[in-house]
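Let me begin by presenting the structure, written as structure tokens, before commenting on it.
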Amino acid sequence: LYFRSITWAIVYALLAISFIPYLAILRCQRIYSEYIFEIIQVYTTNVIMEFGTTQAFVKALEGVYESDVLEDPVKSDVKLMIDLAYDNGTIEESINFFNQKYDYYIVRNTHQLFLQITNEGSKDSGDALENMSQDIDMLVEAVYRDRIDRAGFHKKFLQFGIILYLMVM
């Protein structure tokens, strides 16, 4: 009877310790996802600015690629997009490739705008590009505000846990 409680304590401790690698993996996935999102935000913002100057999607991609503001893996995928566009003579396959690889709202909407401007033409695409840029800014602001809110909640949660632990002791 005496060893039963010790045995259960060991089992509970092993179960608790076994969750640590899983939590570490989840944390690494979240950090990598945030890293990719930041690069995608840089990509979309710079492609919009380049497209406003060049009025050609592939030239905008080349400008962003050559400016070295992107980091891998997005930079290598932009290079592949450029190669696909030149090989096929159209931007649709390269856009489909990037949309499938990076399934983000801002990527899909930005590419849809470029497709419409390229296929249908536009006398003045400046307003549409400015609206898309503002939409990206609002989305990024909301993401960073959410990150700050989560950090504040996490801090309060830990404080509550420590105070609760000290009250029990």
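Residue indices begin at 1 and follow the sequence shown.
- Considering only heavy atoms from C-beta on, Gln112 stays 4.5 Å or farther from Ile95 through its side chain.
- If you chain together hydrophobic residues whose side chains sit under 4.5 Å apart, Ile39 and Ile48 fall into the same group.
- Going from atom CZ of Phe97 over to atom CD of Glu93 covers 10.0 Å, rounded to the nearest 0.5 Å.
- Between Tyr12 and Ile17 there is no side-chain heavy-atom pair separated by less than 4.5 Å.
- Residue Lys101 holds its NZ atom at 10.0 Å from CD1 of Ile40, rounded to the nearest 0.5 Å.
- With respect to Lys59 and Glu66, no salt bridge is recorded, no charged nitrogen being found less than 4.0 Å from a carboxylate O.
- In this structure, CG in Leu84 is found 11.0 Å from CG in Leu61, a value given to the nearest 0.5 Å.
- Leu14 and Ile6 end up in the same hydrophobic cluster when Ile, Leu, Val, Met, Phe, Trp and Tyr side chains are linked at under 4.5 Å.
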Note to self: I'd like to know whether Asp149 forms a side chain to side chain contact (heavy atoms under 4.5 Å, CB included) with Phe153, so could you lay out the CA-CA distance, the side-chain angles of the two residues, the decisive distance to 0.1 Å, and finally the verdict.
What the structure shows: CA-CA 6 Å; Asp149 291 347; Phe153 174 77; over 6 Å; no
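- Here the OG1-CD1 distance, from Thr44 to Ile106, works out to 4.0 Å after rounding to the nearest 0.5 Å.
- Residues Val78 and Phe37 share a single hydrophobic cluster, defined by chaining ILVMFWY side chains whose heavy atoms lie under 4.5 Å apart.
- Residues meeting the salt bridge (Lys or Arg N to Asp or Glu O under 4.0 Å) test with Asp87, sequence neighbours left out: none.
- Under a 3.5 Å cut-off, the side chain of Thr45 and the backbone N or O of Val42 do not form any donor-acceptor pair.
- For the residue pair Glu71 and Tyr35, a side-chain donor N or O sits within less than 3.5 Å of a side-chain acceptor on the partner.
- Annotation for Gly63 and Glu50: closest pair CA-OE1, 3.9 Å, computed over non-hydrogen atoms.
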query = Do Arg30 and Glu34 pass the side chain to side chain contact (heavy atoms under 4.5 Å, CB included) test, and can you show the C-alpha distance, the side-chain angles, and the key distance before you say yes or no?
reply = CA-CA 6 Å; Arg30 180 183 57 85; Glu34 289 175 356; 3.1 Å; yes
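- Looking at heavy atoms from C-beta onward, Glu62 lies in side-chain contact with Tyr86 at the 4.5 angstrom threshold.
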For Arg4 and Thr7: C-alpha separation, side-chain torsions, deciding distance, then whether side chain to side chain contact (heavy atoms under 4.5 Å, CB included) applies. CA-CA 5 Å; Arg4 186 154 128 252; Thr7 305; 5.5 Å; no
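- You'll find the side chain of Asn99 stays beyond 4.5 Å of the side chain of Tyr104, heavy atoms only.
- Taking both residues in full, the closest heavy atoms of Val47 and Ala60 are given as O-CB, 3.9 Å, listed atom of the first, atom of the second, then distance.
- The pair Arg150-Asp146 counts as a salt bridge, with a side-chain nitrogen and a carboxylate oxygen less than 4.0 angstrom apart.
- Closest approach of Asp72 and Lys75 over heavy atoms only: OD1-CB, 3.6 Å.
- Annotation for Val64 and Leu70: closest pair CG1-CD1, 3.6 Å, computed over non-hydrogen atoms.
- Under the 4.5 Å side-chain heavy-atom criterion for grouping Ile, Leu, Val, Met, Phe, Trp and Tyr, Leu23 is not connected to Leu158 through any hydrophobic cluster.
- Between Asp83 and Ser94, every side-chain heavy-atom pair lies at or beyond the 4.5 Å cut-off.
- The aromatic rings of Phe98 and Tyr102 sit tilted, their planes meeting at an angle between 30° and 60°.
- One finds the CD1 atom of Ile148 at 8.5 Å from the CZ atom of Arg145 (value rounded to the nearest 0.5 Å).
- Cluster membership for Ile20 and Leu26, using ILVMFWY side-chain heavy atoms within less than 4.5 angstrom, is not shared.
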